[in-house]
Amino acid sequence: MPTDAQNTPHNAPALEFKSSTFSVPVLVLSSDDFVIIEQQLQKKTQLAPDFFKNSPVVFDVQWLNKQNLALDIKTLAAIIRKAGLLPIGIRGGNDAQNKHALELGIPVYSVHNSLAAEPKKAEAAPQKTAESPVVPATKVETTLITHPVRSGQRLYAEGDLIILAQVSAGAEILAEGNIHVYGSLRGRALAGVQGNTGARIFCSQLAAELISIAGIYKISEDMRDVVRDKPVQIYLQEHALIIKEIT
Amino acid sequence: MARIIVVTSGKGGVGKTTTSAAIAMGLAKRGHKTAVIDFDVGLRNLDLIMGCERRVVYDFINVINGEASLNQALIRDKHCDQLYILPASQTRDKDALTQEGVGKVLEELSKDFQYVVCDSPAGIERGAHLAMYFADDAFVVTNPEVSSVRDSDRMLGLLSSKSRRAERNEEPIKEYLLLSRYAPDRVKLGDMLSVDDVQDILSLHLLGVIPESKSVLTASNSGVPVILDDKSDAGQAYADIVARYLGEDKPHRFIDEKKGLLAKLFGGK
């Protein structure tokens, strides 16, 4: 959305600011031992070198700071770069850490947004410390369903949910990420159930009983007739559900 | 090994028992040794439809409890010597069915029968669950009206998630749609869902359409499975269904409106 583009007759705008949502892996740290961090990070990135090569990453030190384990950001950033990743943000840092990060040109992200978006993961991370202290928080987990989702069935996906068949009336599909239905959507579809307001629902025929993104919902009766039975995408814009036909 | 077929629907009164009786008789008539089991413990009906109610001595529950052997409880049909009926108990309820017991009976039947037809009770509780749990194929009987279609959809969900095949991660149960009590003239008036409407909602392979027919009631009351009435449209529809199930290619009938006598005489094409 243009926010500060000025349209004067002689001076066409050379730039404009637009808002976009990106999916970025978050490196949640639960150890302050740089040797271990470096070893495990190398090991993780070697699992999928192409995926991680030059990948942007936000690192999260919130849990460490709660245990009063303040990491040196400069060393950490160097380790991350050495593993082939590009740190583009810090989350959950203390004042000194944030200052160091800014000096390195690494922006500071507020922890509140992330908490609202991923309370489950924030809780789950510390428990996993024993076996895998380095957990990318936004791991891309996609659930693929190839059979029809029948009335009375309930599906939950921690990431995105892709359904290559119909979703019957009386069925309920939930995802923490996006929902794609390549068939008619007659049941209930709830995307971004952990508060991800950037989640979207896509379907090739909208006949849903209810649609919801991050808890904001619309029932069948409130859907306009022009979008009914059409291929649509559904997303949130300023706390309002937008149903838009895909043409 | 026998093929275990469950005849199910979720909703009551759609024609499960009529279908079970007809399908079992159809398979047996074609020379396949077939057993049909009534799972509706407490509301025994299959014996009436099959016309063997006066010959019931032991029942399914007696066999499960070890009070009678399977051979003692099985009733040979009077019309076809390849067909056997295992009646339900009328004095007990569905809690008398145990997964282990049902499994044992089906396993034993599988040894000498080619097909075992399980007539499921309505609902999705214990009786219906155990009727479909061990199935290889499911005949989902649906009437062309919204509540029946939704219940069938629910049943299909259970078939794909709560059966033994699903739990063992085996090849899923093969599901077939049987649309019963179909009246093309009412579809034309818009009172009834059409075959296409139902298939659109259920997206399921259609095995056959059974027209609404007086012969079904007559057959039930006289205790002769309707498939034996080869003059009746419903009887022919079931015969087609059995043929299609066994892999024959039969065009679908009874979907379009019957021509009246005058149209037949003068209409030509």
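Within every chain, numbering begins at 1; the chains are lettered A, B, ... in the order of the sequence lines, protein sequences first and strands thereafter. Predicted model only: the values in this text are computed from it and were never measured.
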- Task: Below 4.5 Å from any heavy atom of chain A, which atoms of Leu204(B) appear? Answer side chain, backbone, both or neither.
- Result: side chain
- If you draw a 6.0 Å radius around CD in Gln67(A), do more than 12 non-hydrogen atoms from other residues or ligands fall strictly inside? yes
- So, are Asp200(B) and Arg186(A) salt-bridged, with charged N and O less than 4.0 Å apart? yes
- Should the heavy atoms of other residues, nucleotides or ligands under 6.0 Å from CZ of Arg164(B) be counted, would the total exceed 12? yes
- Task: Please check if atom CD in Gln99(B) has more than 12 non-hydrogen atoms from other residues, nucleotides or ligands closer than 6.0 Å.
- Result: yes
- Is Lys230(A) atom NZ crowded by more than 12 heavy atoms from other residues, nucleotides or ligands, each under 6.0 Å away? yes
- Item | Atom pair OG/CG of Ser151(A) and Asp151(B) - distance to nearest 0.5 Å | 8.0 Å
- Query: Under 6.0 Å from the CD atom of Glu167(B), do we count more than 12 heavy atoms belonging to anything else shown?
  - Reply: yes
- Query: Quick check: are there more than 12 heavy atoms from other residues, nucleotides or ligands sitting under 6.0 Å from CD of Glu221(A)?
  - Reply: no
- Report the distance from atom OG of Ser161(B) to atom CZ of Arg154(A), rounding to the nearest 0.5 Å. 14.0 Å
- Query: Does the side chain of Ser168(A) reach to within under 4.5 Å of the side chain of Arg154(B), using non-hydrogen atoms?
  - Reply: no
- Compare every heavy atom of Gly157(B) with every heavy atom of Gln153(A), then report the nearest pair and how far apart it is. NE2-O, 3.0 Å
- Query: Do the side chain of Arg150(A) and the main chain of Leu202(B) share a donor and acceptor less than 3.5 angstrom apart?
  - Reply: yes
